[in-house]
Amino acid sequence: MDRQPHERTPDRTGKPSNELDLLEAHRRGDPEAMGLLLRTFQKRIYAICYRMVRNQHDARDLTQDSMLKIMEGLDSYDGRAKLSTWVIRVTMNCCLSHLRKERLRRHAPIDGIDAPGRGSGPLHVPAMAELLPSRRVEEAEMRHILRRALGDLDPQMRAVLVLRDMHDMEYQLISEVLGVPIGTVKSRLFRARLALRQAAELSLGDPPADHDHQPLPGAHQRGPGE
Amino acid sequence: MTIFDNQFEEAQLLALIEAELDPGAAEQLRRRLGAHSGAVECIERLQADREILRSEPVPSLDVDLVAELEPLMVRPILMGPPGEFRRRRAHRRRWALPVAAGLGVALVGGLWAVLSWAPGQAGGVDERELARSPEGRQRDAETASGDRWAGGGGPPSESQSLVAGEGSQRLGPGPGGVIHHHAPLEVAVAGGDRSADTLRPPEDPDAHPRLMALTFALELEVAEPRRAEQILRSSLRDLGPRTALTRNLDWEEVQLLTEKWQRERFAPGQPPAEVRAGDVAAAAPPEPGLRTLREISQRLRRLAEDSHGQRQEKQILLSKQLLGTPELAPSFQQQLAFSEYGAGYTISIPLGELRALLGRLGVTQGHATRLRMLSPATDARPSGSAQEDDQARGWVAQWRQVQAAVAALRAEGDDTIVLLPVAIAKD
């Protein structure tokens, strides 16, 4: 995946090329450093935004919003986290904020049936028995279904899946980006996987028979921070 | 429905899905899961989902979103790194109190000296008010009423000039000196005193060394251009006494002035109402190519120089200073120069406050602001939409030049007064 290089690599033009060098150059007053710095992150920011909102137009807007926030907040960046982690955190906060506003704008589902893993109420985590695929589908179709199902997930769950699976981030980094303990990250990730699968099953047009919203069978529900 | 009877932990199952268990532990867990119908298949399904998500292609981005933000990057770097900026401000604050105290002592001492030397002359009366002739005060009222050409329709006569009169010589700037008006900017097109600084060329740094004309302009994009003046006024409020706002000559104004001068040359002394426009045009046809603001401004300059040569004494009201003291206003030539570039206003402001001003403009709702290089007007009128489009496109391309110009400002002191031309564009 598109991990950011952190080692300092000299540029043939003599200009700073590494993100930390660019940050230092920006703080020294180099007028071009900010632009170069943002360009090193631009694609990654966009990828996160796109995967969170599933819409190119919104993703571009969110990418620019995130970069604006980065511009504004870069002076307060204290170096405790890696710059890339801080950038992703800012980006993810922008996305989550956007999705929160979107959800507030939308009315509650008319039919009272909300999508799996979404909503402000207690999270429904499907039982494993619910997840047996009703039919075999081709991978291409499943890919399409999963993309759509991802868009129906609760934003917090979507965030952890995007960071883990699509950006190959370690639990520790996800924990720093989302500002939650590692235990919470793991718990949220597991539940997100189950919720995604349930959403995919619903998309297949064969909803699971059992809707009693029981907790995950056999799995001790660990609290945050464990 | 608990098919696993709480035998498994989320962390264990997740580790299996994430392929983080060593082979032995994974196999053991699979065996345990095998005791529950469908559990292994379910885990495999989750693993497959994970693989699909991990192999999702990265969405491509075919536009450079940073380029659109680059104009905004000028602002944070405008006055250098924030730390340095804060240090400079702190430094200024350290000196502010002693300097203010010193000035206060000097003011009290000076006032006492004046009162004891010329009793009854200055008490409670503004110096400029004393320096202004009755005619000048009359024209204040005319200007305030909005009739720029009041008093016969033509340019004000010599008797209306704001040259310091006899009664003001004691406290005024000296015989023959032009007293700047507080509200419209006075321009001595020709006068008895050539030392009047209103006609100094903008490129002459010695004539007015404290005012530095910037090579870039602030573009204010508003839905209702009439609101622009109000926005600028409110943004300058509380930024200190060393700020000023001047409405520059605009295209119509320059055109009007040219026409007035043509009339004067065609029929001097004759009321404009009796001079037919056709006669003026026939007698003084516009030079070929006299279409653009630049050309008109250049012609205006030539006319002004001609007037100087002929020693005609005329005092013409041009533009309007909206805020600040007259010393901070741009000169006539500077206004012309800015007008050539389509800048309808000029902000005079200490360099140290420029960042605060741009910050204020940036956060005010209802308009967009950006910095762009001053570029010469083309054949179209500055208000033409085609040119505005060109300027908007040019802005993106020019940001590096703006940044370079901004970076060059760092060599100047915070107290340097800069003249920032402001172009108003319709949103």
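A, B, ... follow the sequence lines: proteins, then strands. Residue 1 opens every chain.
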Which atoms of A:Leu74 come close to chain B, meaning under 4.5 Å heavy atom to heavy atom: side chain ones, backbone ones, both, or neither?
->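 Contact with chain B is absent: no heavy atom of A:Leu74 under 4.5 Å.
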Honestly, the part of A:Leu161 sitting under 4.5 Å from a heavy atom of chain B is side chain
Going by the side chain to side chain contact (heavy atoms under 4.5 Å, CB included) test, name the single residue among B:Thr243, B:Leu420, B:Leu419 that passes it with B:Ser348.
->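 The side chain to side chain contact (heavy atoms under 4.5 Å, CB included) with B:Ser348 is passed solely by B:Leu419 among B:Thr243, B:Leu420, B:Leu419.
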Is there a donor-acceptor pair closer than 3.5 Å between any side-chain N or O of A:Gln42 and the backbone N or O of B:Val66?
-> yes
Measuring heavy-atom distances to chain A, does B:Glu20 have an atom under 4.5 Å in its side chain, in its backbone, in both, or in neither?
->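 Contact with chain A is through the side chain of B:Glu20 alone.
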Is chain A contacted by the side chain of B:Glu51, its backbone, both, or neither, given a heavy-atom distance below 4.5 Å?
-> neither
Would you kindly say whether B:Ser55 and A:Arg143 are connected by a side-chain donor-acceptor distance under 3.5 Å?
->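 A pair is found: one side chain offers a donor N or O, the other an acceptor, under 3.5 Å apart.
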Are A:Arg197 and A:Glu201 within salt-bridge range, i.e. N to O under 4.0 Å?
-> yes
